[in-house]
Protein chains: 2
Amino acid sequence: MTQGTQGKGATTSTLWDRTRQLATEEILQTALRLFTLQGYDETTIAQIAREAGVSQRTLFRYFGTKEDLIGGSEEQFVTLLTETVRKQPADAGAWEALRAAFKAALSLHTSPEQALERFRLVHHTDSLRAAYLGKRVRCQEQLLPVLEAKLAPSGTDRGQARAIVATAFACFDAATATWLEGNGQGDILDLYDQGLAAVRG
Amino acid sequence: MTQGTQGKGATTSTLWDRTRQLATEEILQTALRLFTLQGYDETTIAQIAREAGVSQRTLFRYFGTKEDLIGGSEEQFVTLLTETVRKQPADAGAWEALRAAFKAALSLHTSPEQALERFRLVHHTDSLRAAYLGKRVRCQEQLLPVLEAKLAPSGTDRGQARAIVATAFACFDAATATWLEGNGQGDILDLYDQGLAAVRG
DNA sequence: GACAGTTTGGCAGTCACTGCCAACCCGGCG
DNA sequence: CGCCGGGTTGGCAGTGACTGCCAAACTGTC
């Protein structure tokens with residue numbers, strides 16, 4: 001239905017899409033503001049909807065769950081990771097590919113300050129953290145088949161590939177935790193390298 | 001009536017504790033049965049309470065959340081892991097200690113069949129999996145200081161220690177996932193070793 | 001057997017989330 | 001220009017997890 005004819009239009013025209021875009025941004029912004037201001041658990045959907053000027057029902061149509069109000073769509077994230085890995089040169093190893101994927105993911109944040117604030121929020125809120133971890137393992141699962149291709153030549157089986165992917169994500173998490181502990185000092189990717197070095201050294 | 005003469009006091013008698021014990025077992029058993037029978041999301045607290053013969057209110061007093069109805073108390077789990085690591089000989093490395101801890105944790109299951117069923121349930125239910133992952137990272141955090149002691153001599157900093165612990169848990173998860181995929185074939189600890197070998201190879 | 005401290009059960013209430021339906025709006029048609 | 005069709009919005013009622021509160025039931029003790 002809503003497709004085909006208008007692939008070319010300067011930018012997605014349809015007034016609908018534009019207001020939709022505006023609405024999502026307004027909601028996201030309001031949510032983040034309230035979350036950092038008064039805490040995640042202390043902020044109700046009703047309040048966010050009210051202050052963003054939409055109905056609760058609409059808010060839930062835009063974002064399926066309260067947790068989705070933080071940290072962008074899982075789908076987009078998975079796509080970025082898998083595409084980055086896939087685009088890696090054939091002679092690049094699995095570890096390099098994963099590192100490149102994390103680098104790409106990190107570049108999504110608009111500023112280190114915002115990243116810090118967001119990480120802190122997720123890290124300190126049990127329900128948010130659990131939701132994040134859920135997304136994370138789903139990412140791993142999507143990434144697995146892509147990486148298996150890279151690893152097959154060296155006689156690595158699926159179980160081992162899974163361990164490698166899981167380890168990379170684990171070290172990435174450890175790096176962000178350490179980064180958070182240091183209030184954003186240093187570079188996450190450096191911390192990631194150091195952690196991985198300790199593991200693989 | 002039942003007074004001093006045969007109280008002994010050896011094992012905490014108090015009728016209260018005994019009924020309490022019975023009740024928790026009844027609830028746990030009922031919950032597991034219903035979960036595996038009709039699925040986690042399809043089973044309501046009301047149904048579990050009804051079939052276990054307690055009120056919802058009481059059920060929530062015994063187990064704080066629906067997720068707690070599966071996979072024992074986090075506290076007990078953390079204690080087992082940290083104690084196992086602590087009891088490891090001084091000359092054992094961090095990796096050996098962690099392996100020993102996982103081995104101890106695995107020995108908690110009454111049978112491989114039950115473990116398989118439980119893992120499957122957790123693995124297939126998003127909310128349960130998220131809850132499990134949350135507990136897992138909290139375990140990691142508790143384990144971190146204990147392991148730092150072991151690692152300090154070799155000039156490993158906190159960030160690196162965190163990466164090592166995270167990696168161990170990640171490989172353990174990968175191993176259980178692979179084990180699950182193979183419907184319980186082989187030994188989880190073997191799979192863990194293989195995964196870790198691929199990572200550290 | 002009465003008393004004190006717990007535990008239990010029921011009830012009402014909060015909050016995330018869903019299905020349903022009527023009102024609505026944009027974009028295109030005659 | 002007005003109307004129509006398909007997608008959108010908002011309100012409303014309902015479900016399910018979870019909590020606070022209070023009265024009733026119970027256990028262990030004197």
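Letters go in sequence order (proteins before strands), and every chain restarts at 1. The figures that follow rest on heavy atoms only: side chains count, while hydrogens, waters and symmetry mates do not.
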ask   = Tell me, for nucleotides 17-25 of chain C in 5' to 3' order, what letter each nucleotide earns: B for a base near a protein heavy atom under 4.0 Å, S for only sugar-phosphate near one, - for neither?
value = BBBB----B
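- Straight-line distance from the CG atom of A:L34 to the P atom of C:dC15: 14 Å, rounded to whole Å.
- Remark: P of D:dT9 and CZ of A:F63 are 12 Å apart, rounded to the nearest angstrom.
- Note on A:T43: only backbone sugar-phosphate atoms sit closer than 4.0 angstrom, heavy atoms only; bases stay farther off.
- Counting non-hydrogen atoms of other residues, nucleotides and ligands closer than 6.0 Å to CD of A:Q47 gives a total above 12.
- The CG atom of B:L69 sits 12 Å away from the C1' atom of D:dA17 (whole-angstrom rounding).
- Contact record, A:T30 with A:I48: CG2-O, 4.0 Å, taken as the closest heavy-atom pair.
- Between A:E26 and A:E51, the shortest heavy-atom contact is OE2-O, 4.1 Å.
- Within 6.0 Å of CD on A:Q114 lie more than 12 heavy atoms contributed by other residues, nucleotides or ligands.
- Contact annotation for A:Y62: backbone-only contact, meaning every heavy-atom pair under 4.0 Å involves sugar-phosphate atoms and none involves a base.
- Counting to the nearest Å, the C1' atom of C:dT7 and the CG atom of B:D17 are 12 Å from each other.
- We find that CD of A:E42 is positioned 11 Å from P of C:dC15, with the value rounded to whole Å.
- As a whole-Å value, the separation of B:L59 CG from C:dG10 C1' is 15 Å.
- Without hydrogens or angle criteria, B:R200 side chain to A:V199 main chain gives a donor-acceptor distance under 3.5 Å.
- We find that CD of B:Q21 is positioned 17 Å from P of D:dT27, with the value rounded to whole Å.
- Contacts of residues 125-138 of chain B with DNA chain C (heavy atom under 4.0 Å): none.
- Using a 4.0 Å cut-off, some side-chain N or O of B:T58 falls inside it from OP1 or OP2 of C:dG9.
- Between the P atom of D:dT15 and the CD atom of B:Q47 lies a distance of 16 Å, rounded to the nearest Å.
- Atom-to-atom distance recorded for B:Y132:OH and B:S127:OG is 15.5 Å, nearest 0.5 angstrom.
- Atom CD of A:E42 sits in a crowded spot, with more than 12 heavy atoms from other residues, nucleotides or ligands closer than 6.0 Å.
- Scanning both residues, A:F102 and A:A168, for their nearest heavy atoms gives CE1-O, 3.6 Å.
- Ring to ring, A:F119 and A:H109 are close: their centroids are under 6.0 angstrom apart.
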